[in-house]
Trainee: 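Before we start, here is the structure in question, set down as structure tokens.
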Amino acid sequence: MVTPAPAGRAGPTLSVAIGRGLVLPNPIGVASGTFGYGFELGALCPVERLGAIFTKGTTLRPRPGNPPPRVAETTAGMLNAIGLQNPGVEVVRERYAPSWRSWPVPVIVNVAGADLEEYARVAGRLDGVPGIGGIELNISCPNVAGGLDFGLDPAQAASCVARVRAATTLPLIVKLSPGAADIAEVARAVADAGADAVSAINTVVGMKVSLALRRPVLAGSGTGGLSGPAIKPVALAAVARVRAAVAIPVIGIGGIADAADALEFFVAGADAVQVGTQTFVEPDAALRVLDGCRAYAGEAGLARLTDLRWSPGGPASGRGPGGG
Amino acid sequence: MRPIERGGGVPEPLAPSDLGRARSGLAVVREVEPVGPGCVELVLDCAGVARAARPGEFCQLRVAEGPVPLLRRPFSVCRTDPAAGTVTVHVGVVGAGTRRLAAAQLGDRIGVLGPLGRGFTVPSGPGTLLMVAGGLGAAPFPLLAAAGHARGAKLVWLNGAATAARLYPVERLGAPVEAHVATEDGSRGRRGRVTDLLPALLGECDRIAACGPNPMLAAVARTVAARAPGLPLEVSLEAPMGCGIGTCLGCALPVVGAPALALLCRAGPVLPAVAVDWGRLGTLPPAHAA
């Protein structure tokens with residue numbers, strides 16, 4: 001019998017196949033709304049080594065966003081109510097995508113809309129545009145008044161995905177909302193409707209109140225999307241439940257600040273992760289996470305990070321380096 | 001690997017600063033100097049910022065290594081010593097984050113990201129620069145005064161605070177200035193606000209730079225618009241800021257013209273007063289209200 005060479009001697013395999021030809025060179029991406037369109041940070045975070053860039057949520061027409069105040073710090077997190085400020089899909093097609101063509105990192109455009117028609121039209125405008133690696137469907141932006149929240153209900157989510165699936169041949173990742181009554185059921189519904197992968201989670205609806213002003217800190221309704229380390233346990237639970245529900249790739253998001261956080265998501269069932277709010281604190285946070293994950297995999301002799309995956313009901317596994 | 005084409009960028013109503021000079025790193029605290037009640041100046045070993053910073057630009061300082069408080073805090077670059085490789089920031093306690101920073105000890109290491117943003121126009125030669133500071137708004141003026149003095153500008157300093165103990169010590173500006181002072185309780189200088197000092201000096205200056213609470217800046221802008229329209233006035237504003245580097249889109253501020261909002265971290269923090277929509281800005285809660 002041939003003894004297999006110890007895994008990891010040549011380094012772990014980091015690439016992740018999402019589907020429809022989309023392959024992430026490594027599993028550490030940057031989350032929508034935290035990295036603009038990839039140009040903004042320049043040398044503060046060289047994009048060449050990222051696994052994926054998920055762009056700012058993009059709509060059919062330019063949107064100026066919500067009036068201020070738009071952000072507020074909370075315990076181990078922050079709230080935002082940006083209101084989908086973005087230049088519109090035509091600018092993305094004509095000005096940004098040509099630059100992305102030469103980038104080694106896939107750029108996945110996050111698509112938002114107020115109704116099914118807008119989702120489908122934005123997705124259609126992106127179809128076949130060189131430089132665009134895929135679509136991440138934002139079926140649940142908590143910060144836009146009047147927009148339907150497709151992400152909360154499995155049937156609504158499926159109808160949105162089906163419309164978009166018909167409008168584009170691009171790889172389609174659906175971003176799930178933690179506000180759904182049963183996120184696993186939404187995941188199943190969007191997978192059945194043609195999603196190539198899911199990402200979880202979007203921000204958690206929250207509010208910060210100023211006692212001094214006797215009103216919410218954020219403008220408008222006063223609610224916003226909570227992100228940052230505070231939501232990591234919510235995100236891990238969602239990833240574990242979604243992992244158990246679907247066979248397609250799961251991209252974990254929520255409160256990842258360092259490599260250990262990211263590795264926890266692989267244990268919970270993620271195939272890849274996105275670093276979000278931490279980029280606001282450390283512009284190159286995603287690259288630090290990548291380096292830390294690579295080092296851990298090497299030390300632990302993992303062939304791939306998904307080897308960390310926990311099986312509910314399965315035997316307890318040993319501690320890796322730095323475990324405990 | 002082919003070089004990455006970064007052309008394009010995100011359209012903004014006011015040309016954004018570039019982040020090309022910004023660096024992120026840890027800076028050792030070299031000196032902690034108390035400057036009045038609830039204020040300290042931290043002298044940080046940070047050669048990159050010391051070399052690159054221009055007057056009115058800012059740095060994002062990390063308050064804690066862990067997640068509480070999570071976000072960095074913005075501080076104007078107060079003073080630089082390129083030879084020594086040090087940068088001074090003026091920290092006034094306005095909340096939990098600034099309280100922690102103000103308690104920094106010698107030898108502590110603080111994460112510094114900068115320099116960021118767009119600063120003041122530095123006088124190109126002789127002429128009079130009027131610098132108007134209210135409260136913690138003195139922070140950017142030592143660096144601007146040094147730059148103006150080096151170019152032969154005459155410097156006039158208007159400083160206002162609630163009480164004498166909270167006035168910024170004029171000797172800390174580090175350049176010769178003609179100083180005018182106002183305190184709200186009359187404990188030094190004229191009783192009243194710094195803006196009360198302004199009308200008498202408008203005829204003698206070629207340019208104004210102002211920094212302080214947004215309502216004070218609005219008053220300065222009103223006075224200049226009414227009595228000396230056309231006199232260049234630049235204001236250093238404040239807004240709740242998430243990242244300081246243009247990606248969170250949190251620090252949007254009302255400006256004149258479409259699309260009516262600009263990111264303070266990239267288009268500012270210093271803006272021409274004529275670009276600001278003072279009416280809408282006046283309806284917003286103070287930046288530190290949270």
Side-chain angles (χ1 to χ4, degrees), chain A residues 33-44 46-48 56 62-78 80-83 85-87 91 95-96 98-104 208 210 212-213 215 217 219 228-230 255 257 277-284, chain B residues 1-13 16 18-24 60 62-63 66-73 95-97 111 113 239-254 258-261 263-264 266 280-281 283-290:
Chain A
T34 65
F35 210 80
Y37 288 90
F39 306 96
E40 287 82 346
L41 292 190
L44 288 174
V47 297
E48 294 91 333
K56 178 68 189 158
R63 287 181 59 105
N66 291 339
R70 293 172 164 191
V71 291
E73 189 177 54
T74 58
T75 305
M78 67 179 286
N80 84 80
I82 305 303
Q85 176 182 336
N86 80 94
V91 169
R95 288 186 52 194
Y96 302 164
S99 297
W100 296 337
R101 290 178 68 174
S102 63
W103 293 13
K208 179 175 183 172
S210 165
L213 300 177
R215 54 153 294 150
V217 172
T277 298
Q278 192 65 19
T279 297
F280 299 153
V281 182
E282 302 172 278
D284 63 348
Chain B
M1 191 173 287
R2 268 178 294 177
I4 283 183
E5 165 61 45
R6 292 181 188 277
V10 178
E12 289 183 38
D18 77 84
L19 293 172
R21 290 173 295 125
R23 296 290 181 273
S24 182
Q60 286 277 83
R62 194 142 179 213
V63 179
V68 182
L70 180 64
L71 301 172
R72 291 175 184 255
R73 301 294 193 266
L113 169 60
M241 205 174 266
C243 68
I245 47 182
T247 57
C248 83
L249 309 183
C251 60
L253 196 99
L261 291 166
L263 293 185
L264 193 68
R266 300 294 300 270
R280 284 195 294 147
L281 186 67
T283 65
L284 303 180
H288 303 300

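We name chains A, B, ... by the order of the sequence lines, and we start the count at 1 in each one.
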Trainee: Which atoms of Ile245(B) come close to chain A, meaning under 4.5 Å heavy atom to heavy atom: side chain ones, backbone ones, both, or neither?
Mentor: both
Trainee: Quick one: list whatever passes salt bridge (Lys or Arg N to Asp or Glu O under 4.0 Å) with Arg280(B), sequence neighbours left out.
Mentor: Asp277(B)
Trainee: Which atom pair, heavy atoms only, marks the closest approach of Gly250(B) to Arg70(A)?
Mentor: O-CB, 3.6 Å
Trainee: Which bit of Leu113(B) comes within less than 4.5 Å of chain A, counting heavy atoms only: side chain, backbone, both or neither?
Mentor: side chain
Trainee: Could you tell me which portion of Thr277(A) (side chain, backbone, both or neither) has an atom closer than 4.5 angstrom to a non-hydrogen atom of chain B?
Mentor: side chain
Trainee: Check whether Arg73(B) gets within reach of chain A through its side chain, its backbone, both or neither, counting any heavy atom under 4.5 Å.
Mentor: side chain
Trainee: Among the options Pro68(A), Pro67(A), Gly255(A), pick out the one with the most heavy-atom pairs lying under 4.5 Å from chain B.
Mentor: Pro68(A)
Trainee: So which heavy atom on Glu40(A) is nearest to which on Gly246(B), and how close?
Mentor: CG-O, 4.3 Å
Trainee: How far apart are the closest heavy atoms of Leu71(B) and Glu73(A), and which atoms are they?
Mentor: N-OE2, 2.7 Å
Trainee: Using a 4.5 angstrom heavy-atom cutoff, name the option from Ala96(B), Pro67(B), Gly66(B) with the most pairs to chain A.
Mentor: Pro67(B)
Trainee: Is the backbone of Leu249(B) close enough, under 3.5 Å, to the side chain of Gln85(A) for a donor and an acceptor to pair up by distance?
Mentor: no
Trainee: Got a second to check how far Glu282(A)'s CD is from Arg72(B)'s CZ, nearest 0.5 Å?
Mentor: 7.0 Å
Trainee: So do the side chains of Asn80(A) and Cys248(B) get within less than 4.5 Å of each other, counting heavy atoms only?
Mentor: no
Trainee: Using 0.5 Å steps for rounding, measure from the CG atom of Leu41(A) to the SG atom of Cys243(B).
Mentor: 7.5 Å
Trainee: Let's test your reading of the structure: which of Ala257(A), Gly65(A), Gly77(A) forms the most heavy-atom pairs below 4.5 Å with chain B?
Mentor: Gly77(A)
Trainee: Looking only at heavy atoms, which two atoms of Leu44(A) and Ser24(B) are closest? And how far apart?
Mentor: CD2-N, 4.3 Å
Trainee: I want to check something: taking the side chain as every heavy atom from C-beta on, are Leu70(B) and Gln278(A) in contact at a cut-off of under 4.5 Å?
Mentor: yes
